[in-house]
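Just below is one structure, and these are the notes that go with it.
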Amino acid sequence: MNLKNILTPTLVYRTALGVSFILVVSVAVVFHIQMNSLNTSVSSISETNKKQFELEQLISSITLKENSLRNYIITKDSTYFEQDSLAENSIHNSLAVIKSLVPSKSESGHIKTLDSLVAKRLQLFEETYKTSEENPLNSEILKQKLSQGSQITKKIREKIFTLKEKEIANLKIHNINHRYDIETSTITAFSLTIITLVVLLFSLSKVNYDYKKLQGLNSDLRFAKQISDNAEKVAGISHWKINMVTGKYFYSDNFYRILGLKPNSFEQNLENFIQYIHPEDVAYCLKEHKNSLENLTATSLTYRIIRPDGEVRYVNSVGDFTENTKGELVKIGVTYDITEQQKSKFILEEKNKNLIAINAELESFNQIVSHDLQEPLRKIQMFISRLEGGEIDNITERGKDYFSKIKISANRMQNLMMDLVAYSRTIKENKIFSPVELSEMLDDVIQELAINIEEKKAEITIKKLPKISGIPFQIHQLFVNLITNSLKYSKDNVPPIIKIYTGKIKHGETFNGIEITDKKYHKIIVSDNGIGFKQEFSEKIFILFKRLETQSSYTGTGLGLAICKKVVENHNGFIKAKGDPDKGATFTIYLPR
């Protein structure tokens with residue numbers, strides 16, 4: 001049997017048809033795989049751009065929240081809370097979207113770190129707000145909080161910069177894969193057209209469909225870029241790149257806007273940009289820029305720019321080195337407008353100068369009270385004592401009455417000055433904390449007040465108290481004033497009963513909206529059976545010079561409980577009072593563990 005008899009047209013046709021069918025199926029399978037790869041690359045590009053947008057939105061919201069807080073601290077204008085609330089919601093939303101996107105192994109650690117930094121920044125926002133609401137304002141702590149906030153914000157920017165760089169690198173890789181998928185799918189489609197007309201028609205239909213889909217995706221990409229550009233405009237930031245191999249510069253559109261120009265108003269190079277830098281800052285900027293390029297070191301520059309209309313703006317520019325997908329060394333940076341922050345800084349500095357002057361005056365006042373006024377008062381009391389010793393019998397009854405009132409007034413003035421000095425110490429004293437055994441501290445207080453306790457025939461019960469971290473002198477003064485207050489406002493002919501013990505914090509217990517728990521606070525209670533007070537005065541009794549009892553039989557300056565409140569606040573704690581007329585008063589103190 002020869003080959004001609006075997007290779008009949010039917011067999012050849014069937015073989016060719018079978019081979020064609022196998023080819024069609026094979027190519028169709030290959031084409032299907034390539035289309036899936038194309039869709040995956042497009043999704044990756046979209047996801048990468050979405051990540052970049054949310055990262056930009058996150059830092060924009062943090063910056064907005066930071067500005068709102070600073071504006072509120074400066075102006076005390078409550079309208080800034082609306083911006084603050086919107087910014088915080090935007091922060092949570094952006095962070096949630098970023099975490100919802102599936103990160104690569106190299107990004108997961110950065111995202112966790114970013115999440116932690118944002119949580120710390122939000123917590124510091126709350127702490128800074130509380131510090132700014134304290135009265136009197138502790139400017140040193142406020143400055144520390146603001147400084148810490150700026151440092152954390154800087155770390156957040158650096159972390160976002162790192163994540164963006166990874167996303168930019170990923171985007172380039174995705175674009176390469178995307179182009180490769182399109183090319184191979186085109187070759188496959190062309191191969192299908194050679195095999196069969198049906199495959200050709202199908203391929204053309206498929207290509208047309210994919211082309212329309214690609215157009216839609218490109219439209220989405222352009223929209224995403226527009227959103228990113230708008231985000232830069234809102235946040236007042238821009239980005240730039242320097243290719244160390246080609247020497248080419250790149251400035252984003254908002255970089256020009258910060259300079260007061262339209263995008264691409266000048267050729268992108270250093271020489272054209274320098275003309276917009278303030279003449280006094282040019283030498284500094286060029287020196288730092290040159291050193292950075294020569295030594296490959298990161299930079300963080302704050303300098304002034306002059307816009308075409310003559311307006312001077314402050315900007316901060318940070319940059320560092322990395323490699324692009326081609327392995328070329330590039331310097332990438334972010335420049336953002338900090339004019340408002342600088343203005344706020346100048347205002348704060350001026351206010352700080354005023355505060356320093358006021359503190360100096362208060363110090364002078366304290367010096368006068370504690371020394372200069374004490375000396376003539378001691379002489380008055382000395383002469384009163386001498387008159388009582390030898391001349392009192394020569395004075396008329398009316399004169400004795402006047403003399404008694406002079407003595408009482410002199411003693412009251414001395415007590416007032418001593419209390420003023422004690423109160424000023426709670427404000428200006430260095431807050432050095434050390435372990436304090438409250439039980440031992442109370443033993444010293446009882447010994448100090450032994451004479452008053454014996455005169456009043458008071459019964460003081462002290463149950464086991466905790467060990468705390470505090471300022472020993474101030475804690476001592478706290479309990480001296482509380483016990484003295486109970487002795488002073490006791491009932492006539494009724495021995496005072498004073499109890500000091502540790503209370504149990506109940507579930508859901510709060511103070512001014514702050515949750516109080518056993519894990520965070522000690523609860524210490526001081527109660528008595530004295531004359532008490534109406535509960536409507538529970539806040540007023542802690543006000544300077546506020547006395548609920550004005551009868552001469554009750555001595556006092558109105559500073560004792562004000563000192564107590566200041567001491568507790570110095571320890572980041574809380575104090576509240578509960579009174580019941582003719583039954584007694586209870587003071588509850590919450591001190592951090």
Side-chain angles (χ1 to χ4, degrees), residues 56 59-60 62-71 73-75 143 146-147 149-158 160-161 229-242 249-295 297-321 331-353:
E56 291 288 352
I59 192 61
S60 173
I62 290 175
T63 302
L64 179 59
K65 183 174 177 65
E66 193 171 63
N67 291 338
S68 297
L69 176 61
R70 290 178 180 271
N71 289 337
I73 293 174
I74 295 171
T75 65
K143 286 193 292 184
L146 291 172
S147 177
S150 297
Q151 293 174 5
I152 294 177
T153 300
K154 181 179 179 181
K155 291 181 180 179
I156 292 174
R157 291 183 186 278
E158 293 173 351
I160 288 177
F161 173 77
D229 187 53
N230 289 337
E232 284 194 354
K233 291 169 61 178
V234 172
I237 65 175
S238 63
H239 67 278
W240 47 267
K241 293 186 293 185
I242 305 173
Y249 284 69
F250 167 78
Y251 302 126
S252 67
D253 289 349
N254 208 50
F255 189 91
Y256 292 92
R257 296 190 187 99
I258 291 177
L259 297 177
L261 304 171
K262 293 182 179 180
N264 300 311
S265 295
F266 59 79
E267 185 179 351
Q268 299 179 347
N269 56 55
L270 182 61
E271 290 73 19
N272 290 334
F273 167 60
I274 288 176
Q275 60 182 319
Y276 296 98
I277 300 178
H278 195 285
E280 296 178 3
D281 297 338
V282 170
Y284 159 72
C285 292
L286 286 178
K287 179 182 177 181
E288 293 296 322
H289 179 67
K290 181 180 179 182
N291 290 338
S292 174
L293 297 185
E294 290 179 352
N295 303 316
T297 56
T299 54
S300 179
L301 308 178
T302 298
Y303 55 91
R304 292 164 292 175
I305 60 171
I306 302 179
R307 291 180 169 181
D309 59 2
E311 182 184 6
V312 177
R313 305 289 293 181
Y314 287 83
V315 298
N316 182 259
S317 182
V318 295
D320 203 352
F321 292 87
K331 184 177 182 181
I332 301 176
V334 175
T335 298
Y336 50 100
D337 192 325
I338 59 169
T339 304
E340 298 305 321
Q341 294 95 310
Q342 286 294 113
K343 289 180 180 179
S344 299
K345 178 183 176 182
F346 295 148
I347 293 172
L348 286 175
E349 288 176 350
E350 186 64 29
K351 289 188 175 182
N352 286 337
K353 291 180 182 178

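Using modelled atom types and a 3.5 Å distance limit, the side chains of Thr63 and Arg157 yield a donor-acceptor pair. For the residue pair Thr339/Asp337, the side-chain donor-acceptor check at 3.5 Å is satisfied.
For Ile306, the side chain to side chain contact (heavy atoms under 4.5 Å, CB included) partners are His278, Pro279, Val312, not counting sequence neighbours.
Ring pair Tyr249/Phe255: centre-to-centre distance not below 6.0 Å. Between Phe273 and Phe266, a ring centre-to-centre spacing not shorter than 6.0 Å is recorded.
Distance check, rounded to the nearest 0.5 Å: NZ of Lys241 to OG of Ser252 gives 10.5 Å. Atom CG of Asp320 and atom OG of Ser300 lie 11.0 Å apart (nearest 0.5 Å). We find the CG-OH distance between Asn254 and Tyr336 to be 14.5 Å, quoted to the nearest 0.5 Å. Rounded to the nearest 0.5 angstrom, Asn67 CG and Ser344 OG are separated by 7.5 Å. Interatomic distance, CZ of Arg313 versus CD of Glu340, reported as 6.0 Å (0.5 Å rounding). Note that the NZ atom of Lys290 and the CG atom of Asn295 stand 10.5 Å from one another [nearest 0.5 Å].
Nearest heavy-atom pair, Gly319 versus Trp240, reported as atom, atom and distance to 0.1 Å: CA-CH2, 4.2 Å. Contact detail for Ile237 and Ile258: the closest heavy-atom pair is C-CD1, 4.1 Å. Residue Arg307 comes nearest to Gly260 through the heavy atom pair NE-N, 3.8 Å, listed as atom of the first residue, atom of the second, then distance. Pairing each heavy atom of Asn291 with each of Thr297, the nearest pair is O-OG1, 4.0 Å. Minimum interatomic distance between Phe161 and Val334 (heavy atoms only, all atoms of both residues): CD1-CG2, 4.2 Å. Minimum heavy-atom separation, Tyr303 to Ile305: CE1-CG2, 3.8 Å.
In this structure, Ser147 contributes its side chain and Lys143 its backbone to no donor-acceptor pair below 3.5 Å. Judged purely by atom type and a 3.5 angstrom limit, Gln275 uses its side chain to pair as donor or acceptor with the backbone of Asn272. Side chain of Asp253 to backbone of Pro263: no donor-acceptor contact under 3.5 angstrom is found.
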Stepwise, does the side-chain contact (heavy atoms from CB on, under 4.5 Å) test hold for Ser238 with Tyr256?
CA-CA 9 Å; Ser238 63; Tyr256 292 92; over 6 Å; no
Take Tyr251 and Thr335 through the test side-chain contact (heavy atoms from CB on, under 4.5 Å) and record every step on the way to the result.
CA-CA 10 Å; Tyr251 302 126; Thr335 298; over 6 Å; no
side-chain contact (heavy atoms from CB on, under 4.5 Å) between Lys331 and Thr299, worked out:
CA-CA 10 Å; Lys331 184 177 182 181; Thr299 54; 3.1 Å; yes
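Annotation: side chain of Asp281 is not in contact with side chain of Leu301 (no heavy-atom distance under 4.5 Å). Contact annotation: the side chain of Leu270 approaches that of His289 to within less than 4.5 Å [non-hydrogen atoms, C-beta and beyond].
Using the six-membered ring where Trp is involved, His239 and Phe250 have ring planes that are tilted, between 30° and 60° apart.
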